[in-house]
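In what follows, a structure is listed as structure tokens, so that the remarks can point back to it.
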Amino acid sequence: MTRIADLIESPAEFLEEPGALIVNGDMPIQQVVRAVIDTGADALGIALPDYEKPVYLTRARLLELMLRELDNIQKKVNELQSQLEHQLANQIELMEVGAACLLEARKHKLESAVHNLMDGMILFNEKGQIEECNQVALRLLGLPTEADSAAVTETLAHLGFAELMQPGELAAPTQGEFQVKSGTQRLLRVRWTRIRDEWEHIIGTAVYLRDITNELIAENTKNDFITAISHELRTPLTSIQNAVSNILAGVTGKVAGKTREYLQSMQQDCRRFADLINDLLDIAKLEAGNMPITCKVMDMDALIRMTVKEFEQEAQKAGIRISAQTQGTITPVYADIKRLRQVLVNLIRNAIQFTPSGGTITVSLKTEGNDIIACVQDTGVGIPPEIQKYIFTKFYQVARQAGPGSKGSGLGLAISKGIIQIHGGSIWFESTPSKGSSFYFSLPKADPQFVLTKHLEAIPKTKDSNRQTAVLIIRFESASPEGDIRDAAEKIIHDLLAQSRFYLTCSTDLALQTGESEITFVINESNHQKIDNVRKRIEKMIQLSIKKNFSVLPILPMMGMAEYPADTKNPNQLPEIARIKMSNRDMQTCPGNKK
Ligand code: ADP
């Protein structure tokens with residue numbers, strides 16, 4: 001604080017009228033001003049310690065002194081501000097230099113990390129241009145160490161990387177993996193991932209290359225070895241199994257008591273051993289990419305219900321309730337029925353093994369977009385989160401602690417994954433420890449025309465009039481020229497598909513929506529009379545559906561049917577002939593539609 005004495009440079013100048021108020025010269029100027037305002041004094045005396053009498057000055061002079069003081073303060077503040085600005089500028093300059101050095105050091109560190117990686121690494125910027133490419137990548141691509149970006153880009157484009165270099169849309173996959181053969185005939189595993197900034201914009205792509213040729217050779221040798229051993233074991237095992245079965249059946253005389261028990265346990269172990277050998281052979285075939293798959297049109301809904309039925313007894317013995325919750329609608333997929341059954345069996349068997357008595361297992365099927373999704377859900381022990389990522393790894397179970405289900409080989413899920421993948425689908429699961437697990441697999445929905453063609457191609461050649469195949473096509477047309485019947489046709493077709501199990505009796509029969517307002521039925525292995533009965537049942541279903549959904553008949557069903565071998569020697573021509581024979585069915589006159 002500035003003392004008032006400090007402000008009075010020459011006290012002699014202020015010897016004026018004595019004032020009513022005398023203040024101490026050591027007081028800060030602010031206090032003096034306040035004292036003057038409080039007392040209302042016009043002039044005041046200031047007692048200065050080194051002056052005999054007080055110095056007198058008026059209010060106006062006091063104000064003047066104060067303004068001078070403020071002026072001084074302002075000057076000091078200005079000085080301070082310019083000093084600070086100067087210091088700040090120095091500091092910023094220093095920091096800029098420091099940051100540049102730090103960035104340079106970091107960049108250098110990153111560059112040397114990239115160059116010293118064991119894997120090849122290429123960094124693309126957001127425009128798909130190469131930003132970084134290490135020596136390993138050049139070597140793996142068969143390029144000289146001095147190759148420039150243009151040469152690398154050309155080689156990559158040649159190897160099929162062009163799409164990868166162009167960052168796609170936000171929704172496009174952000175990472176992936178594939179394999180390519182390099183110019184030097186080495187097999188490379190390519191892993192890529194998009195790089196994003198803090199606002200999630202794609203700013204480039206990182207690509208990692210690894211030479212897996214030797215890994216693959218070692219893996220193939222191991223698989224060949226396992227396959228050879230498994231084959232060698234299968235023959236003696238089959239004869240042991242046959243011998244035990246024969247002894248148990250009494251071929252060598254009566255078997256009773258302990259001997260029977262021992263033999264039965266031998267039979268069980270042989271079965272498990274055979275399962276293990278089959279699993280080993282399957283996994284080897286899947287890994288070598290030569291698992292034979294025989295695709296046919298099959299009904300997924302029927303497969304689920306049939307497989308669940310097979311497990312009813314086993315589940316009941318374990319005190320578990322098992323059920324199939326499907327729509328009952330024919331759900332055609334083009335797949336290998338034996339292999340899909342194998343997947344379902346493995347999932348259901350696991351569910352039984354890992355579900356304590358009193359639990360439930362539900363196998364369901366639904367359609368979602370272009371996929372059909374099957375689910376095996378249990379209320380069992382669940383899978384701990386820390387091991388969930390290993391579940392599809394082969395032999396995973398080997399590391400498992402003893403517990404429920406410990407008798408498996410640890411190959412079931414790996415095989416299931418392989419089978420689903422070769423059908424173009426995917427497999428996944430959700431699990432909560434002590435609550436249960438749901439294993440899902442999806443399969444692509446097959447195009448109905450493709451399904452129909454494949455199904456007809458697979459019909460066995462016959463001349464037997466009792467084993468005919470019929471194709472029945474029903475197309476709904478509008479009863480009036482301007483009417484839009486799409487919704488109405490959709491409703492009736494939906495009813496027909498949902499109820500198809502009730503009027504189609506053979507497991508290979510099909511009901512397919514083959515157009516917006518068209519449904520096609522394939523009726524297999526029947527004589528003309530039976531086929532005609534099915535046709536009548538279908539007509540009845542249409543009448544019921546029309547009656548249920550509409551008060552007036554907005555729709556005209558057209559129906560055409562062709563039979564093999566009666567109408568053609570080639571089952572593939574059945575849809576064409578059925579279309580030619582198509583005629584109007586008057587539903588008003590059909591029984592059951594009378595109002
Ligand atoms: P396996 O059944 O022969 O052991 P899998 O590959 O079919 O081999 O399964 C691997 C492991 O995954 C099992 O050992 C078990 O630990 C776990 N698992 C699979 N299905 C289930 C399930 N439904 N509930 C709990 N754990 C499961």
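In each ligand, atom 1 is the first atom listed, and ligand 1 is the first ligand listed. Because the structure is a prediction, the values reported are computed rather than measured. Throughout, numbering of the chain's residues begins at 1 and tracks the sequence.
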Applying a heavy-atom cut-off of 4.0 Å, say which part of [X] lies close to ligand 1: side chain, backbone, both or neither.
X: Ile387; result: neither
X: Ile383; result: side chain
X: Asp378; result: side chain

List every atom of ligand 1 that sits less than 4.0 Å from any heavy atom of [X], numbering the atoms from 1 in the order shown and giving each element.
X: Asn350; result: 2 (O), 5 (P), 7 (O), 9 (O), 19 (C), 20 (N)
X: Gly412; result: 5 (P), 6 (O), 7 (O), 8 (O)
X: Ile391; result: 12 (O), 17 (C)
X: Asn346; result: 7 (O)
X: Ser437; result: 24 (N)

> What is the ring orientation for Tyr334 with Phe450, classed by angle as parallel under 30°, tilted 30 to 60°, or perpendicular over 60°?
Replying inline: perpendicular

> So Phe439 and Phe429, would you call those rings parallel, tilted or perpendicular, with 30° and 60° as cut-offs?
Replying inline: parallel

> In Å and rounded to the nearest 0.5 Å, what is the CG to OG1 distance from Leu496 to Thr329?
Replying inline: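 Leu496 CG to Thr329 OG1: 11.0 Å, rounded to 0.5 Å.
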
> For atom OH of Tyr390, is the number of surrounding heavy atoms from other residues, nucleotides or ligands below 6.0 Å larger than 12?
Replying inline: no

>> Just to check, does Phe439 reach to within less than 4.0 Å of ligand 1 when the distance is taken from its heavy atoms?
In response: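 Yes, Phe439 has a heavy atom closer than 4.0 Å to ligand 1.
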
> Does Gly382 have a heavy atom less than 4.0 Å from any atom of ligand 1?
Replying inline: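 Yes, Gly382 has a heavy atom closer than 4.0 Å to ligand 1.
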
> Would you call Lys285 and Pro292 a side-chain contact if the rule is heavy atoms closer than 4.5 Å?
Replying inline: yes

>> In the structure I gave you, are the side-chain heavy atoms of Leu156 and Ile130 within less than 4.5 Å of one another anywhere?
In response: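 The answer is yes; the side chains approach within 4.5 Å.
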
> Given the rule in the side chain to side chain donor-acceptor pair (under 3.5 Å) test, do Thr362 and Ser364 qualify, once you have shown the distances and angles that lead to the verdict?
Replying inline: CA-CA 6 Å; Thr362 314; Ser364 55; over 6 Å; no

>> Checking the N or O distance criterion of under 3.5 Å, is ligand 1 in contact with Gly410?
In response: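 Yes, there is a polar N/O contact under 3.5 Å.
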
> Do any N/O atoms on Val381 end up under 3.5 angstrom from N/O atoms on ligand 1?
Replying inline: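 There is no such contact.
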
> Can a donor-acceptor pair be found between the side chains of Ser442 and Asp371 at a distance below 3.5 Å?
Replying inline: no

